[in-house]
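Here's the structure we're looking at; comments come further down.
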Protein chains: 2
Amino acid sequence: MENVTIRMLAERLQLSTATISKALNNSHEISEETKQRVLALAAELNYVPNPYASSLRKKASNTIAVVIPEVADSFFAEAINGIESVAQEKGYHVLIYLTHESFQKEQAILRDFQSGRVDGVLISVTTETAAAQHGLEQLVKEIPIVFFDRVCEEITAAKITTDDATAAYKATTHLIAGGCRQPVMLSASRHLSISNKRTEGFRQALADHQLPFTAASIIYCSNDTIATHELLKKAIQKEHYDGIIATTEKLATAVYEAAAALHLQIPHDLQVIGFSNLSTAKFLNPSLTTITQPAFDMGKAAAALLFKALKSSSFALPEQQEVIPSTLLIRNSTLAAAD
Amino acid sequence: MENVTIRMLAERLQLSTATISKALNNSHEISEETKQRVLALAAELNYVPNPYASSLRKKASNTIAVVIPEVADSFFAEAINGIESVAQEKGYHVLIYLTHESFQKEQAILRDFQSGRVDGVLISVTTETAAAQHGLEQLVKEIPIVFFDRVCEEITAAKITTDDATAAYKATTHLIAGGCRQPVMLSASRHLSISNKRTEGFRQALADHQLPFTAASIIYCSNDTIATHELLKKAIQKEHYDGIIATTEKLATAVYEAAAALHLQIPHDLQVIGFSNLSTAKFLNPSLTTITQPAFDMGKAAAALLFKALKSSSFALPEQQEVIPSTLLIRNSTLAAAD
DNA sequence: CTGAAAGCGCTAACAG
DNA sequence: CTGTTAGCGCTTTCAG
């Protein structure tokens, strides 16, 4: 059986395609009676409208894109969850693109969006992304876009973030309260604004507690698991850190791995806090103290913002900002009690 | 600046739109010279083809759909990863749909695909899905579709699975080898063929070791975390199980939670094996013995199969089957040594 | 309230 | 090698 089109319905009902179209779209200028007849036949013939014809004509795709570095990370997985929940509710489709931290891939993906493939985009940029070189500034003007979590500072655009500096400050203070004198922060990027904010919170907390901030206070880790493992082991041995703040989920587990390899006891030899949404954090050995980001809510908020913009073209999307706080969950990988 | 179309290029170059189109598609019937001129202008004007116009005309969308129960599960996250890696390579776009284990949602989503929105679909069905009631049989005939992991037995269709029965058999044997006499399997569904296969392997292993298989040997758990927690606690207390096989990731952590609540020591009071792809399995307390499914490879294989079918219409997709083995990773939540 | 006609941007015959 | 023409399926003026 070939595809049922609006024209087939029109012929069978002796109506024009225009009338059918309007009836299907519940236009007020169609009589209740014809609407019913059209709907009935459509149901009977199992009519499903061709989205591409409609998109071509309306210049709207009812589709949004989600562009993220990876999906095998509970933050992003939960964020997608949040995004999808609102997209489904609004009847939108969601395209997903993974950049694998490659700036080039990201650029290629974003470039494609100028085609009108999507009505809007939600993005969390790569560790390599420097807004300047990018067509990003341009794109923001051309298509509704909201950044979440990994945003670009330099750009004026809608952003959903969490309180990175504050969270890092809290984490650091917690470490210090547990007796830590030589904390180190593991960072995933020198460019990312969220990394820099976390660094800033960290630095501030050190300063406020008269602890030195040196070149050894931050370790920049690559996306390469093995290299990171080696780097960590060497650094921990050399610098005798007594506390670590891992700013990504992968880095947190890398620390556990390195500690095991070096026969260091967490938390006694080394306290650990991870920025992580791992549901298993409390079952780790020892259970991991985390800064838990509101991943699901951030996804939801980002999507909600985008849809607001899609609904009313007068909505000043690029001006929008929202910060959703993270929470410090104290467990056994650190020594200080809750305050 | 409005969108650049093929016609604008045609006018500027004094060529027909047909020629432009062919040149852009690198048709052999266009001279090298004109191709260059066209490409040059296209690049200059930053021309990006309208995918919907092209899809409408070609009746092909260069898009596939991935339909899964949820994304916040490392199996599915990794599977998406695998799928996306081959889709990106082939220049396809991927739409993602979450069913949240709702059969109704799944049905609505699949129904929409009759519109031609996607060229093919990859699906892992919900726990509720019973193929019969579904338009599934129908859909298989209408659109290239490959099932992965959670497949429908009753249907003839392309399927990528793992060796569920064998894996469960191995897991059970391992438990028994560690001294377990009263093992129980936690199942997520009565309908799912993968659940039934796991049950089958479990039952077989019990039989082969002269252990009884009773009504208490299997517990069917819902998707509701809290209810599951209560159910588990009660059942463990009542039946005095000494070993548990959790057939999903969530169930595995639920067991850890229940054991903690009941002050049971894993593995001494209760041995645990989880079907899980958690990267943190080895850091759990105690580290979790797992049946690890080849999630990434299953996703890749499923996508590869689909693209093969999309490339050659003569490819007998529904006949294809592939089984990729899982591996038993022995850790500290069970007692038997590796053999 | 319904219909005729035009066209979204692209591609596929078919001529030349 | 290039152009003409038609049309994918739908929506939108504009008339009636």
Side-chain angles (χ1 to χ4, degrees), chain A residues 1-39 41-42 45-63 91 93 112-119, chain B residues 1-39 41-42 45-63 91 93 112-119:
Chain A
M1 138 198 142
E2 50 200 278
N3 272 326
V4 186
T5 70
I6 229 171
R7 209 167 79 203
M8 295 169 65
L9 300 182
E11 277 164 14
R12 296 255 297 207
L13 293 177
Q14 300 289 27
L15 289 170
S16 73
T17 59
T19 305
I20 303 289
S21 173
K22 287 174 189 162
L24 290 171
N25 290 297
N26 199 21
S27 159
H28 55 270
E29 43 177 320
I30 298 294
S31 75
E32 205 43 53
E33 194 210 325
T34 23
K35 273 187 195 169
Q36 291 314 323
R37 287 175 58 213
V38 171
L39 256 25
L41 185 63
L45 298 187
N46 195 21
Y47 167 76
V48 186
N50 181 315
Y52 297 128
S54 156
S55 291
L56 178 57
R57 185 63 234 248
K58 294 203 292 190
K59 290 177 175 306
S61 62
N62 253 255
T63 303
H93 299 261
D112 174 72
F113 293 160
Q114 298 186 318
S115 67
R117 185 182 299 279
V118 296
D119 298 340
Chain B
M1 141 195 140
E2 49 199 281
N3 271 328
V4 187
T5 72
I6 228 171
R7 207 165 84 204
M8 295 169 64
L9 300 182
E11 277 164 13
R12 296 255 298 207
L13 294 176
Q14 300 288 24
L15 290 170
S16 74
T17 60
T19 304
I20 304 289
S21 173
K22 288 174 190 161
L24 290 171
N25 291 296
N26 199 21
S27 159
H28 56 271
E29 44 177 318
I30 298 294
S31 75
E32 204 44 53
E33 194 209 326
T34 23
K35 273 187 197 169
Q36 290 316 323
R37 285 177 58 212
V38 172
L39 257 26
L41 185 63
L45 299 188
N46 196 22
Y47 167 76
V48 185
N50 181 315
Y52 297 127
S54 160
S55 291
L56 177 59
R57 185 63 234 244
K58 293 202 293 189
K59 292 178 174 305
S61 62
N62 254 257
T63 304
H93 299 261
D112 173 74
F113 293 161
Q114 298 186 321
S115 67
R117 187 183 297 278
V118 296
D119 298 340

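So you know, we letter chains A, B, ... as the sequences are listed, proteins then strands, and number each from 1. Just so we're clear, the structure is a prediction, and the values are computed from it rather than from any experiment.
- Proximity of T19(A) to the phosphate of dG3(C): a side-chain N or O atom is located under 4.0 Å from OP1 or OP2.
- The separation between M8(B) atom CE and dG9(C) atom C1' is 12 Å, rounded to whole Å.
- No N or O donor and acceptor, one from the side chain of K59(A) and one from the base of dG9(C), sit under 3.5 Å apart.
- Both E29(B) and S54(B) lie close to DNA chain C; mapped to their nearest nucleotides by heavy-atom distance, the more 5′-ward contact belongs to S54(B).
- H93(B) is listed as a side-chain neighbour of R117(A), based on a closest heavy-atom distance under 4.5 Å.
- Here the range on DNA chain D touched by chain B, meaning any atom under 4.0 Å from one of its heavy atoms, is dC1(D) to dG9(D).
- Counting any heavy atom pair closer than 4.0 Å across all strands shown, Q14(A) reaches sugar-phosphate atoms only and no base atom.
- Here the C1' atom of nucleotide dC1(C) and the CD1 atom of I20(A) are 14 Å apart, to the nearest Å.
- For the pair R57(A) CZ and dG7(C) C1', the interatomic distance rounds to 6 Å; values are reported in whole Å.
- Between the side chains of S115(B) and N50(A), no donor N or O sits under 3.5 Å from an acceptor N or O.
- Contact record, S55(A) with S61(A): OG-CA, 3.4 Å, taken as the closest heavy-atom pair.
- One finds no side-chain N or O of Y47(B) lying less than 4.0 angstrom from the OP1 or OP2 phosphate oxygen of dG9(C).
- Taking the side chain of I6(B) as heavy atoms from C-beta on, and the options dC10(C), dT2(C), dA13(C), the nearest nucleotide is dC10(C).
- You'll find the side chain of L41(B) reaches within 4.5 Å of the side chain of L13(B), heavy atoms only.
- Whole-Å rounding puts the R7(A) CZ to dA4(C) C1' distance at 14 Å.
- Residues V38(A) and L24(A) have side chains in contact (heavy-atom distance under 4.5 Å, counting atoms from C-beta outward).
- Considering only heavy atoms from C-beta on, T19(A) comes within 4.5 Å of I30(A) through its side chain.
- Computed from coordinates, the N3(B) CG to dG9(C) P distance equals 8 Å when rounded to whole Å.
- Atom pair L56(A):CG and dC10(C):P shows a separation of 9 Å (rounding to whole Å applied).
- Of the two residues near DNA chain D, K58(B) and I30(B), the one whose nearest nucleotide lies more 5' is I30(B).
- The nearest whole Å value for the distance from the CG atom in N62(B) to the P atom in dC10(C) is 15 Å.
- Distance R37(A) CZ to dC1(C) C1': 13 Å, rounded to the nearest Å.
- If you check every strand for non-hydrogen atoms under 4.0 Å, S55(A) touches nothing.
- Annotation: side chain of F113(B) is not in contact with side chain of V48(A) (no heavy-atom distance under 4.5 Å).
- Among the heavy atoms of the strands lying under 4.0 Å from S31(A) are primed sugar atoms or P, OP1, OP2 only; no base atom is included.
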